[in-house]
Amino acid sequence: MAVKRNGCEGCADITCVSTKEVLSQDIAKNVVTAYDRIASRGMAACLFGSGGTCCKNCNMGPCQIIDGVEEMIGVCGATADTVASRNIARTIASGTAAHTDHAREMIKGFIATAKGETENEIKDVEKLHKIAAIYDIEVEGRDKNEIALELGEKALAEFGSQTDDPITMLKRAPEKRQKIWKKLGVEPRGFDREVTEMMHRTHMGVDQEYHNIMLQASRCALADGWGSSMLSTELTDIMFGTPVPRRATVDLGCLKPDQVNITVHGHEPLLAEALCIAAQEEDMQTLAKKAGAKGINLAGVCCTGNEILMRRGIPVAAGFVQQEMVLATGAVEAMVVDVQCVMQSVAQVAKNFHTDIITTNYRAKMPDGVHIQFEEEDAMGSAKEILKKAISNYKKRSPAAFIPVSNKLDVVVGFSHETINYMLGGSFRASYRPLNDNIINGRIRGVAAIVGCDNYKYSDDAHEIIARELIKNNILVLATGCAATSLGKAGLLRPEAAEFCGDSLGEVCATVGMPPVLHMGSCVDNSRILIAATEMVREGGLGEDISDLPAIGTAPLYMSEKAVAIGQYFVASGAQVVFQSLAVSGAKEFDKYMTEGMMETYGAHWNIAEDPKEIARIMIEKIEQKREALGINKKSERVLFDMDMRRDLGSGSGVGDVGCTGPQHNS
Ligand code: SF4
Ligand code: MSK
């Protein structure tokens, strides 16, 4: 296999400076990356797979279907529309299963914490009371652990619920949306049940009608967004603290030349939280110093990284496409992985160095990884065992290890939907009113979510291109997952990025001291965006439903099945989405249904566009159409902020609490 060297020539799509720097170093010369594997495959992707019309759901196939060619339907008679819809539905089921299984672990950890069986504690009592009220749990005069235990048990029961009752969190949605779901019969019941039913209905010889298949796909996706993901986010916040704005750093320069570098990669923050605490303890610090290091440096990769970035300000070294590059620095003593988005190749890359890949979850082992099972009841014990292993590797680090130290960007992160309340509304009258008012008066044209993965198939600057276009057009951006990391690397998660905004958004950001792109967390935290949208509806003035809002989402570089589940729960909740690709193009009618027809059902549909600028254009256009429909589409007035307005916007700003100041715009 040809390995591209010398500044990675041939990697025209790599725009990331730190990746190029690392790959051009001598120490990385034997590292084979996913970029190399894509280049060496030398063949175009399978047309049937890309178009969604390859079926292997039974052993009469696999069948490759050509839409419109009679003899090219499935052996069973399945048409292109049936096959493509079944495939998308299964992708959604898989994505939902991943989020749901993650959530189950978090809720089991929450219950163990409430029982006093872990070293964690219930930190956010205010949120505990708020969520308990949704579950009709009495809070008056009760101990926080008692309330948490009842909440945890009620939440866990919903995973395997066998009743036909809708899941509890659904009642948080705007009333109009709840009615739409009821009428369509897509209110989710037990989370696991919706995944099981989806797999059953797409089994050979069951549901053959794509509208009907997609109704269940929506129900399954809603079980994810308004169910398991939302519970995971809320209960993790209660246990580890709801994020508040804080300063941190991102990119490979977060690694430290004179410390034991340990990266945490995956999604579940239970172990990562324990590692953060254990790494500070004296015995571990002493051990690291004995090994010749100045200390222990933890850094995140992917969404485990985003979880501890949001809550603790621990730096994120890399998003998904840089996981191999973290190791290629030769400066990492251990990469600790849990579940999801961990490429098997990391163990092979690590073989070039002194690095251990430590798997920690019984669900996710890999050849050439070292397994240390994370035991929740002895979290500190597991964490210290891992730290000791990493520390013991420090002396073996090659002097040629290369950290691109200048590639380290400042970011401000930690924008939970509660923070948006305080940030714009002030601590005395926290509300979404100022945000809605700014949208209504046109200073902020609308809100766009840029979420999801990055992907070796596409140029890695797409998130940045889209975000810059949006903020230039006065659209506030919310970001999660690896997209947020990539926007942090582009310098857009700093209040100083207000200078890249159109005048009116820039002025709002400068006044409040907030970045124009708000980091809202990991990929399960897209549920925060659902709540933020709901709050905007509830506040009034922007319609009665999510589908009325001048808001839209994109996961331009998605690679994970979870992103398709997220896309469908956004659409089924009334929010349009734009993706760079979706495996539906081989089935004409179904494609049309996904990209147009769903509008009639949900008031939103999928949009597909490959070019990032075109994605941004579509997003801006859709937002302006919503403004038009709301009757608020006047040109934004040039409003100069007087002292009262500044006081209103600035008071109690969460961002102000961490001392961020935006650039001053000359009006
Ligand atoms: Fe072919 Fe039908 Fe079997 Fe799919 S279910 S593999 S289309 S025969
Ligand atoms: S980690 S799902 S690559 S966002 Fe959540 Fe990143 Fe996508 Fe994994």
Side-chain angles (χ1 to χ4, degrees), residues 34 48 52-67 71-87 90-91 94-99 102 201-208 213 224 229 232-233 250 264-269 272 300-310 316-323 337-343 364 449-458 460 463 479-488 519-526 553-567 579 586-587:
F48 295 98
T53 55
C54 175
C55 182
K56 54 181 180 56
N57 288 12
C58 88
N59 199 32
M60 293 189 286
C63 297
Q64 296 174 321
I65 320 288
I66 300 178
D67 203 2
E71 54 278 20
M72 287 299 286
I73 59 174
V75 172
C76 65
T79 62
D81 296 321
T82 304
V83 167
S85 60
R86 285 198 308 220
N87 286 337
R90 283 192 164 210
T91 301
S94 171
T96 301
H99 280 148
H102 165 162
R201 281 168 65 165
T202 52
H203 181 277
M204 189 271 159
V206 187
D207 203 347
Q208 332 263 3
I213 290 169
D224 176 343
S229 279
S232 183
T233 295
V250 295
V264 287
H265 178 10
H267 283 78
E268 294 175 1
V301 177
C302 280
C303 282
T304 301
N306 282 319
E307 296 274 358
I308 52 175
L309 172 80
M310 290 279 283
V316 167
F320 176 75
V321 294
Q322 273 196 308
Q323 57 187 287
V337 306
D338 51 80
V339 291
Q340 300 165 23
C341 304
V342 180
M343 297 204 299
I450 305 183
V451 309
C453 326
D454 31 31
N455 184 330
Y456 297 94
K457 271 169 46 174
Y458 302 108
D460 51 14
H463 295 120
T480 60
C482 294
T485 305
S486 137
L487 293 168
H519 190 323
M520 292 191 82
S522 65
C523 37
V524 283
D525 292 337
N526 284 307
T554 182
L557 303 185
Y558 93 91
M559 64 85 203
S560 160
E561 290 167 309
K562 289 178 289 173
V564 185
I566 292 165
F579 275 41

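Owing to the predicted nature of the structure, the values given are computational and were not obtained by experimental measurement. Indexing begins at 1, ligand by ligand and atom by atom, following the structure's order.
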> List-wise, which protein N, O or S atoms are found short of 2.8 Å from atom 2 (Fe) of ligand 1?
Replying inline: Cys76 SG
>> Do Cys341 and Lys562 have side chains that approach each other closer than 4.5 Å (heavy atoms only, starting at C-beta)?
In response: yes
> Is ligand 1 less than 4.0 angstrom away from at least one heavy atom of Arg86?
Replying inline: yes
>> I'd like to know if the side chain of Asp207 and the backbone of Thr202 have a donor-acceptor N/O pair within less than 3.5 Å.
In response: no
> How long is the span from the CG atom in Leu557 to the CZ atom in Phe579, to the nearest 0.5 Å?
Replying inline: 10.5 Å
> Any luck finding a side-chain donor-acceptor pair between Thr233 and Asp525 under 3.5 Å?
Replying inline: yes
>> So that I can check it, does any N, O or S atom in Cys523 come closer than 2.8 Å to atom 5 (Fe) of ligand 2?
In response: yes
> Gly452 heavy atoms, cut-off 4.0 Å: which ligand 2 atoms fall inside?
Replying inline: 4 (S)
> To the nearest 0.5 Å, how far apart are CE in Met204 and SG in Cys76?
Replying inline: 4.5 Å
> Given that the side chain starts at C-beta and the backbone is N, CA, C, O, which of these parts of Gln340 lies under 4.0 Å from ligand 2, counting heavy atoms, or is it both or neither?
Replying inline: neither
>> Just to be sure I read this right, does ligand 2 sit under 4.0 Å from the backbone of Ser560, its side chain, both, or neither, counting only heavy atoms?
In response: side chain
> Can you list the ligand 2 atoms lying under 4.0 Å from a non-hydrogen atom of Phe320?
Replying inline: 3 (S)
>> Using a 4.0 Å cut-off to any heavy atom of Lys562, which atoms of ligand 2 qualify?
In response: 2 (S)
> Would Ser522 count as a contact of ligand 2 if the rule is a heavy atom under 4.0 Å away?
Replying inline: no
> How about Cys302: does one of its N, O or S atoms come closer than 2.8 Å to atom 5 (Fe) of ligand 2?
Replying inline: no
> Where the side chain of Gln323 meets the backbone of Phe320, is there a donor-acceptor pair that is under 3.5 Å apart?
Replying inline: yes
> Distance-only, no hydrogens or angles: does the Asn87 side chain make a donor-acceptor pair with backbone N or O of Cys54 under 3.5 Å?
Replying inline: yes
>> Checking side-chain contact (heavy atoms from CB on, under 4.5 Å) between Ile65 and each of Thr53, Thr79, Thr82, which is the one that passes?
In response: Thr53
> Taking Gln340 for the side chain and Ser560 for the main chain, is one N or O donor matched with an acceptor at less than 3.5 Å?
Replying inline: no
> Got the closest protein heavy atom to atom 1 (S) of ligand 2, with its distance?
Replying inline: His267 NE2, 3.1 Å
> Are side-chain heavy atoms of Tyr558 and Val564 found at a separation under 4.5 Å?
Replying inline: yes
>> For the residue pair His102 / Asp338, report whether a side-chain donor-acceptor contact shorter than 3.5 Å exists.
In response: no
>> To check your reading of the model: name the closest protein heavy atom to atom 7 (Fe) of ligand 2, its residue, and the distance in Å.
In response: Cys453 SG, 2.4 Å
> Tell me, which protein residue and heavy-atom name are nearest atom 6 (Fe) of ligand 2, and how many Å apart are they?
Replying inline: Cys482 SG, 2.2 Å
>> Donor-acceptor check, side chain of Tyr456 to backbone of Val321, threshold 3.5 angstrom: yes or no?
In response: yes
> Under the 3.5 angstrom rule, does the side chain of His267 hit a backbone N or O of Val339 as a donor-acceptor pair?
Replying inline: yes
> Which bit of Cys341 is near ligand 2, meaning a heavy atom under 4.0 Å away: side chain, backbone, both or neither?
Replying inline: side chain
> What are the atoms of ligand 2, with element, lying closer than 4.0 Å to any heavy atom of Cys303?
Replying inline: 1 (S), 5 (Fe)
